[in-house]
Enquirer: 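Please see the structure below; I have some questions.
The chain is numbered in sequence order, starting from 1. Just so it is clear, the model here is predicted, and its values are computed rather than measured.
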Amino acid sequence: MPSWIGAVILPLSGLLLSLPAGADVKARSCGEVRQAYGAKGFSLADIPYQEIAGEHLRICPQEYTCCTTEMEDKLSQQSKLEFENLVEETSHFVRTTFVSRHKKFDEFFRELLENAEKSLNDMFVRTYGMLYMQNSEVFQDLFTELKRYYTGGNVNLEEMLNDFWARLLERMFQLINPQYHFSEDYLECVSKYTDQLKPFGDVPRKLKIQVTRAFIAARTFVQGLTVGREVANRVSKVSPTPGCIRALMKMLYCPYCRGLPTVRPCNNYCLNVMKGCLANQADLDTEWNLFIDAMLLVAERLEGPFNIESVMDPIDVKISEAIMNMQENSMQVSAKVFQGCGQPKPAPALRSARSVAENFNTRFRPYNPEERPTTAAGTSLDRLVTDIKEKLKLSKKVWSALPYAICKDESVTAGTSNEEECWNGHSKARYLPEIMNDGLTNQINNPEVDVDITRPDTFIRQQIMALRVMTNKLKNAYNGNDVNFQDTSDESSGSGSGSGCMDDVCPTEFEFVTTEAPAVDPDRREVDSSAAQPGPSLLSGSLICITLVSQSLCR
């Protein structure tokens with residue numbers, strides 16, 4: 001054999017031995033890679049026309065390659081950006097759910113309060129005229145405090161409501177006793193008899209139960225929507241570790257370096273990479289699911305016994321009913337106050353009862369439950385809560401499901417039906433390693449991502465704590481307890497507003513009137529049979545008549 005033939009054969013055999021298994025002459029061209037690389041917006045000056053030796057590669061297999069060092073760096077950064085975008089896009093549903101529903105619920109609640117305040121003001125101006133306008137700040141302060149509570153203010157609802165009734169009693173006591181002059185000290189003494197005399201009947205007790213529970217539930221629910229929104233926004237913005245970035249590059253772009261830019265990762269390979277990169281996010285899932293469950297329970301309360309809409313819509317009628325009770329029992333109340341606080345001094349000049357009565361407008365239109373509008377923000381509480389519940393249920397297990405949602409994307413993997421013709425991290429072939437379980441501790445043997453299971457992500461732990469705190473608040477709200485003030489009321493056990501309805505049905509006295517107007521009858525009494533009947537005060541008689549809900553009762 002001529003010596004020149006041997007000289008040619010030896011280098012060729014060495015070259016053939018160095019080529020990857022299954023490689024052919026066509027695979028050695030980088031034309032397809034150049035096209036795909038340029039489509040990503042990168043300069044073609046970085047990429048060779050033919051495969052080169054790959055000893056310079058730090059992530060991809062160090063075999064014959066179409067990648068230079070510059071290409072590997074740029075594609076590594078590209079894989080990081082694409083991963084971050086994938087997580088944001090995949091979690092888009094849960095983020096928009098909390099953002100949009102929080103906005104809608106907040107808009108509804110604020111408009112509901114504004115409507116209730118306007119309704120009370122309109123009714124009381126028509127009914128009581130100048131007398132109401134001269135004392136309107138008592139009612140305005142009530143709504144101001146309710147709004148302040150809802151927006152997170154440090155307001156004890158029970159104490160605030162007690163103060164409202166005490167102030168109302170002071171004003172009413174002066175109106176029903178115009179022949180006397182009352183000092184500030186005397187009026188303070190009067191207010192101390194509020195609980196003992198029950199001048200407003202049972203309305204304050206029932207309304208306090210309804211308002212406190214409904215407001216606690218509504219405020220806690222909207223706070224829950226806020227926390228869910230913030231946690232979802234924060235967790236969806238991931239910062240991949242160096243180990244994760246290496247794994248992403250190997251999965252997404254090492255096929256480019258091997259001259260296989262159209263070959264996508266195997267589905268199970270993708271799952272292991274994503275489970276390693278999103279291990280901490282998966283650990284959020286347990287607390288997130290408990291949080292969602294607590295939100296759903298409070299939502300059921302809002303639909304049922306803690307319905308804020310059924311409390312606020314007729315609140316003007318309920319307060320008017322309380323005023324009527326006060327007037328009916330004015331003589332009895334006055335006598336007991338005079339006995340306990342002493343005989344007041346006569347007023348310098350008696351005001352004309354006739355002139356007071358003339359301030360009233362008796363054309364008061366009674367409340368009709370069938371007129372309840374779609375009250376606020378173009379919806380009703382029931383419809384709004386039903387919609388939110390449906391979306392909340394869909395957001396359960398969202399964080400542990402992220403790897404599956406990402407790897408299901410056809411633009412990311414070859415899919416489950418193409419397990420032989422996919423990139424397994426080394427070549428185009430089936431991926432053999434088993435799929436890891438969810439969570440940080442289960443990544444100890446992850447074959448694709450180097451995960452330090454001894455160092456949980458501090459940022460994720462903070463989100464877990466935020467969810468845990470919110471879940472506890474929701475549990476308290478479900479039981480009718482304000483987490484900040486649950487021990488401040490004497491009624492924190494038994495039938496008071498601090499006690500929760502542990503069963504699906506609350507005691508009858510706690511149920512809200514949602515289908516018919518409060519019964520208002522001229523002969524209705526909520527005092528014992530020995531109670532004195534109202535005296536012949538012209539002011540009392542006038543107010544009793546004009547505050548009756550049915551005009552036919554007044555002649």
Side-chain angles (χ1 to χ4, degrees), residues 57-60 72-73 75-91 94-95 227-254 265-292 395-407 412-413 424-426 431 433-472:
L57 298 178
R58 290 170 296 174
I59 299 175
C60 297
E72 192 178 41
D73 289 342
L75 289 173
S76 180
Q77 183 63 25
Q78 180 68 17
S79 65
K80 174 180 179 291
L81 293 174
E82 288 183 11
F83 168 69
E84 291 169 351
N85 290 335
L86 280 169
V87 174
E88 268 205 87
E89 290 170 9
T90 308
S91 61
V94 70
R95 287 185 291 113
V227 169
R229 178 192 67 192
E230 292 175 351
V231 168
N233 282 336
R234 290 167 183 164
V235 175
S236 64
K237 291 177 172 56
V238 293
S239 298
T241 63
C244 172
I245 295 172
R246 288 179 60 86
L248 290 168
M249 169 61 194
K250 186 178 177 183
M251 180 183 84
L252 295 173
Y253 287 112
C254 282
C266 301
N267 185 73
N268 290 353
Y269 174 34
C270 173
L271 284 175
N272 274 344
V273 172
M274 292 302 159
K275 288 195 175 201
C277 287
L278 296 170
N280 284 286
Q281 280 75 8
D283 279 352
L284 186 74
D285 225 36
T286 299
E287 203 62 51
W288 176 265
N289 293 338
L290 291 173
F291 160 71
I292 296 296
S395 69
K396 287 192 72 173
K397 300 182 179 179
V398 64
W399 305 112
S400 61
L402 271 181
Y404 298 91
I406 291 172
C407 295
V412 178
T413 69
N424 66 8
H426 303 280
Y431 182 75
E434 64 175 333
I435 302 172
M436 297 294 101
N437 290 324
D438 300 327
L440 186 63
T441 56
N442 289 315
Q443 306 313 309
I444 187 170
N445 295 318
N446 191 309
E448 309 305 335
V449 188
D450 182 16
V451 182
D452 185 354
I453 67 167
T454 65
R455 299 182 63 184
D457 188 285
T458 304
F459 179 75
I460 295 295
R461 300 297 133 175
Q462 290 172 348
Q463 308 316 306
I464 289 174
M465 285 306 301
L467 289 172
R468 191 168 296 163
V469 169
M470 192 65 243
T471 299
N472 287 332

Enquirer: Is any side-chain heavy atom of Leu284 closer than 4.5 Å to a side-chain heavy atom of Val231?
Expert: yes
Enquirer: In Å, rounded to the nearest 0.5 Å, how long is the span from OH of Tyr404 to SG of Cys270?
Expert: 11.0 Å
Enquirer: Check the pair Glu84 / Glu88 against side chain to side chain contact (heavy atoms under 4.5 Å, CB included), numbers first and verdict last.
Expert: CA-CA 6 Å; Glu84 291 169 351; Glu88 268 205 87; 6.0 Å; no
Enquirer: With a 3.5 Å cut-off and sequence neighbours excluded, list the donor-acceptor pairs that the side chains of residues 242-252 form with protein atoms.
Expert:
unit_1, atom_1, unit_2, atom_2, d
Arg246, NH1, Arg58, O, 3.4
Arg246, NH2, Arg58, O, 3.1

Enquirer: Does the side chain of Val273 reach to within under 4.5 Å of the side chain of Phe83, using non-hydrogen atoms?
Expert: no
Enquirer: Does a side-chain heavy-atom distance below 4.5 Å link Phe291 with Val469?
Expert: no
Enquirer: Would you say the side chain of Glu72 lies within less than 4.5 Å of the side chain of Tyr253, judging by non-hydrogen atoms?
Expert: no
Enquirer: Can you give me the closest heavy-atom contact between Val235 and Val238, atom names plus distance?
Expert: O-CG1, 3.6 Å
Enquirer: Is a donor on one side and an acceptor on the other found under 3.5 Å between the side chain of Gln443 and the backbone of Gly439?
Expert: yes
Enquirer: Would Lys275 and Ile435 count as a side chain to side chain contact (heavy atoms under 4.5 Å, CB included) if you check the C-alpha gap in whole Å, the side-chain angles of each, and the deciding distance to 0.1 Å?
Expert: CA-CA 9 Å; Lys275 288 195 175 201; Ile435 302 172; 4.1 Å; yes
Enquirer: Rounded to the nearest 0.5 Å, how far does OG1 of Thr241 lie from NZ of Lys80?
Expert: 11.0 Å
Enquirer: Between Thr90 and Val87, is there a donor-acceptor pair closer than 3.5 Å when you use the side chain of the first and the backbone of the second?
Expert: no
Enquirer: Would you say Lys396 has more than 12 foreign heavy atoms packed within less than 6.0 Å of its NZ?
Expert: yes
Enquirer: Quick one, Cys277 and Pro240 - any side-chain contact, counting heavy atoms below 4.5 Å?
Expert: no
Enquirer: Nearest 0.5 Å, what's the CD-CD distance between Gln463 and Gln281?
Expert: 10.0 Å
Enquirer: Decide yes or no on side chain to side chain contact (heavy atoms under 4.5 Å, CB included) for Val398 and Ser91, but give the supporting numbers first.
Expert: CA-CA 8 Å; Val398 64; Ser91 61; 5.6 Å; no
Enquirer: Do the non-hydrogen side-chain atoms of Ser395 and Trp288 ever get within less than 4.5 Å of each other?
Expert: yes
Enquirer: Mind listing the closest non-hydrogen atom pair of Val94 and Ala232 along with its distance?
Expert: CG1-CB, 4.3 Å
Enquirer: Hey, does Asp73 have a side-chain heavy atom less than 4.5 Å from the side chain of Gln77?
Expert: no
Enquirer: Answer yes or no: does atom CG of Asp450 have more than 12 heavy-atom neighbours from other residues, nucleotides or ligands under 6.0 Å?
Expert: no
Enquirer: Quick one: does Asp438's side chain have a donor or acceptor within less than 3.5 Å of a partner on Ala282's backbone?
Expert: no
Enquirer: Rounded to the nearest 0.5 Å, what separation is found between the CZ atom of Arg234 and the CZ atom of Arg95?
Expert: 14.0 Å
Enquirer: Tell me every residue that passes side-chain contact (heavy atoms from CB on, under 4.5 Å) with Asp283, counting only those two or more places apart in sequence or in another chain.
Expert: Leu440, Arg461
Enquirer: Under the side-chain contact (heavy atoms from CB on, under 4.5 Å) rule, collect the residues that match up with Asn437, sequence neighbours excluded.
Expert: Asn442
Enquirer: Whether the side chain of Asn272 engages the backbone of Glu434 through a donor-acceptor N/O pair (distance < 3.5 Å, no angle test) should be reported.
Expert: yes
Enquirer: Could you tell me whether the side chains of Tyr431 and Asn267 share a donor-acceptor contact shorter than 3.5 Å?
Expert: no
Enquirer: Run the side chain to side chain contact (heavy atoms under 4.5 Å, CB included) test on Asn289 and Lys397 for me, step by step, so that the C-alpha distance in whole Å, both residues' side-chain angles and the decisive distance to 0.1 Å come before the verdict.
Expert: CA-CA 6 Å; Asn289 293 338; Lys397 300 182 179 179; 3.6 Å; yes
Enquirer: To the nearest 0.5 angstrom, please state how far the CD1 atom of Ile59 sits from the SG atom of Cys254.
Expert: 6.5 Å
Enquirer: Nearest 0.5 angstrom please: Asn472 CG to Leu290 CG, how far?
Expert: 10.0 Å
